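Notes follow the structure.
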Amino acid sequence: MPPDASAEPTLKPKAAAPAKSAPQRAMEKLGLVRDIDLALHLPLRYEDETRVTPIAQARPGESVQVEGTVRDSRVEFRPRRQLVVRIEDDAGDELVLRFLHFYPSHQKTLAIGARVRVRGEPRGGFFGLEMVHPSFKAVHEDTPLAATLTPVYPASAQLPQAYLRKAIEGAFSRAPLAELLPPGTVPAGLPSLKEALSVLHHPPPAASLAALEDHSHPAWQRLKFEELLAQQLSQQQAQFERAKLRAPALRAATGGLHEKLLAALPFTLTGAQHRVAEEIARDLARPAPMHRLLQGDVGSGKTVVAALAAAVAIDAGWQCALMAPTEILAEQHFRKLVGWLEPLGIGVAWLTGSVKGKARAKMLERVASGEAGLVVGTHAVIEDTVQFRQLGLAIVDEQHRFGVQQRLELRRKLGRAGLEPHLLMMSATPIPRTLAMTYFADLEVSTIDELPPGRTPVVTKLFADHRRDEVIARIRDEVARGRQVYWVCPLIEESESLDLRNATETHQQLCAALPDQMVGLLHGRMPAAEKAAAMSLFAGGQMSVLVATTVIEVGVDVPNASLMVIEHAERFGLSQLHQLRGRVGRGAAASVCVLLYTAPLSPTGKDRLRAMAETTDGFEIARRDLEIRGPGEFMGARQSGSALLRFADLAEDNALLMQARRVAPALLAQHPAAARAHIERWLGGKQEYLKA
Ligand code: ADP
Ligand code: MG
């Protein structure tokens, strides 16, 4: 139909959206967008304006509210300009108020004869008690007191307290807070969500401030439970949805590739390796996608377990992709897997960002045709341009080192229509049990809890930096015996150049100290080819000492290396130190790890390094790390998904977590709409992050 010229134009210029005020923008930045977000933004503490304290009972340092009549109000100029007001309460006791900044309006409210209610913290002054910059307001004798405690929210210069209070007040009255949970879900004795929030925003005068502030109050318990439940529901739902997806059932055939691989290995599997390999094989044989984490201490032998899983998949006619977070690590895997799998007739392709041009085209062709049964590389393996003939299994090593975004991307990429590939993740950083239940409920876990035989535990020694010469003498002894040595310098993120200088200086020093040995240097800014060359000289045994930044942190495997020196050990996290230390002690030789530190150490610094010397158990170290750094840190990148628990505390709220875990399945099965609404209320659009 032709446009009707007389009609109103349908395309009006779009009305400009009203500009947002600074406080609005500040709120958005804090994620305070929906009414429910604001309603769930809780006070840090409270002020008690529900009563007036006689001035005679006010004590220095204790915040109180007093009321009195202004007897004197004057501007003094010494030692600097200030407004000094004297008030007297009904009992005849006096208090001085002092304002270093003031406006005429203040003077007006605080004029002689006015009755004022004043809040602040008195301190001992020259003429008795005084308050500096108290808050105050004009009152009459019958002005009512606040009925509830006054909330104090986390605020900022851009987001003033008064603005926030008003915004939350309004949002709380509008927010849809109807009870969603059927009876029997919430632990007995806890209030409804609406009641709980009402108490938390405006506690009645009788409420226990201590219980409110230490979060043991029933209102807090309800909130924590709600939050934990949302997380459990979201995780269990993801699990449930995944169970509906279909994957190729990859059955390990008798006499198949995986048995041939086992027979060809130069060692026999440990009991733990056998067990986890079977757990994985069982998952692979099912027609639903596996979603399993393989955790095992550094050196526990996860790679061969991955190779066995790959052999099963390839034998069944499907392809396998193995991804590592760094090129060096990927290359280590590549060599090892080529050595194991090519003799069995399996094609192994190599794909990273630095494979370019013709070589890349050739690799892509091998992957697309299915000629490559296994593709090893960095996350370049899942780029859009990579087409598999049919991908049956994806293995991700050190999966926690991939960022949240990368992990989400991986899932999206793999989650194409039709059959999903199975997913195996590997990590040397064990997840503590409570964290596993909260954040990784959607994940099956296999644990290798045994090291291959014949390993001598690494002995860890602490040396202050001024004993560097002794350390270098040790290196000389070690290389004289044909052994190899790592020297690790810290990665200083703020200053890559400083980091580099540190490594190059150490490199030069060691070159000079060991003139007849090959001493190499490896750092993150070297071109990939140079890195690979240095690594292969070291792996081949021609290079005696390798000075490296933390690029060697994960997965490098040179069994002849028996001494590891870590410079500025105090700058590393415990788990990182443990990973690094795991680079030695891989052969039969007794190995030593020297933690070189710069004195003086802080007391916690000392404790941490001592912990490293005391234990070589990665699970114990992870536990201590969690203790020192808290779960937020432990989760690393995950916290950037802002999906961390805001209210619940895993250390304290175990009982609530258990209850949430217990009721979640029934809620999902019998009240799916309520479950969905609950997840939406608590997580909004954030569920995705929980799945990463
Ligand atoms: P990680 O679990 O840290 O990835 P790797 O898979 O790199 O450990 O294994 C560490 C070393 O132990 C490798 O050299 C590997 O070949 C060897 N290894 C693995 N399993 C066994 C075993 N059962 N017996 C002896 N050596 C093994
Ligand atoms: Mg490994």
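As the structure lists them, so they are numbered: ligands from 1, and atoms in each ligand from 1. Just so we're clear, the structure is a prediction, and the values are computed from it rather than from any experiment.
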Element-labelled atoms of ligand 1 that are located less than 4.0 Å from some non-hydrogen atom of T303: 4 (O), 5 (P), 6 (O), 7 (O)
Run the numbers for me: atoms of ligand 1, each under 4.0 Å from some heavy atom of K336, listed by number. 13 (C), 14 (O), 15 (C), 16 (O)
G301 versus ligand 1: do any nitrogen or oxygen atoms come within less than 3.5 Å of each other? yes
Measuring from non-hydrogen atoms of S300 to any atom of ligand 1, is the shortest distance under 4.0 Å? yes
Using heavy atoms and a 4.0 Å limit, tell me yes or no: is Q332 in contact with ligand 1? no
Which of the numbered atoms in ligand 1 are below 4.0 angstrom from a heavy atom of V298? 3 (O)
Under 4.0 Å between a Lys/Arg side-chain N and an Asp/Glu carboxylate O for R474 and D477? no
Are any of the heavy atoms in P559 under 4.0 Å away from ligand 1? no
So does F538 get a backbone contact from the side chain of Q484, meaning a donor-acceptor N/O pair under 3.5 Å? yes
When you look for heavy atoms under 4.0 Å from ligand 1, do you find them on the side chain of L269, its backbone, both, or neither? backbone
Tell me whether R275 contacts the main-chain N or O of T447 through its side chain, where contact means a donor paired with an acceptor under 3.5 Å. yes
Say you draw a straight line from CE of M323 to CG of L329; how long is it, rounded to the nearest 0.5 Å? 12.5 Å
Could you grab the distance from atom CG of L294 to atom CE of M425, nearest 0.5 Å is fine? 10.5 Å
Is there a donor-acceptor pair closer than 3.5 Å between any side-chain N or O of H422 and the backbone N or O of A394? no
Short version for T268: what comes under 4.0 Å of ligand 1, heavy atoms counted, is backbone
Determine the interplanar angle of the W340 and F267 rings, folded into 0 to 90°, and report it as parallel if under 30°, tilted if 30 to 60°, perpendicular if over 60°. perpendicular
Hey, which atoms in ligand 1 end up nearer than 4.0 Å to a heavy atom of T270? 23 (N)
For ligand 1, is any non-hydrogen atom under 4.0 Å from Q273's backbone (N, CA, C, O), its side chain (CB onward), both, or neither? side chain
Interatomic distance, CG@L521 vs CD@E530, rounded to 0.5 Å, equals 9.5 Å
Just jot down the ligand 1 atoms closer than 4.0 angstrom to any heavy atom of P452, in number order. 20 (N), 21 (C), 22 (C), 24 (N), 25 (C), 26 (N), 27 (C)
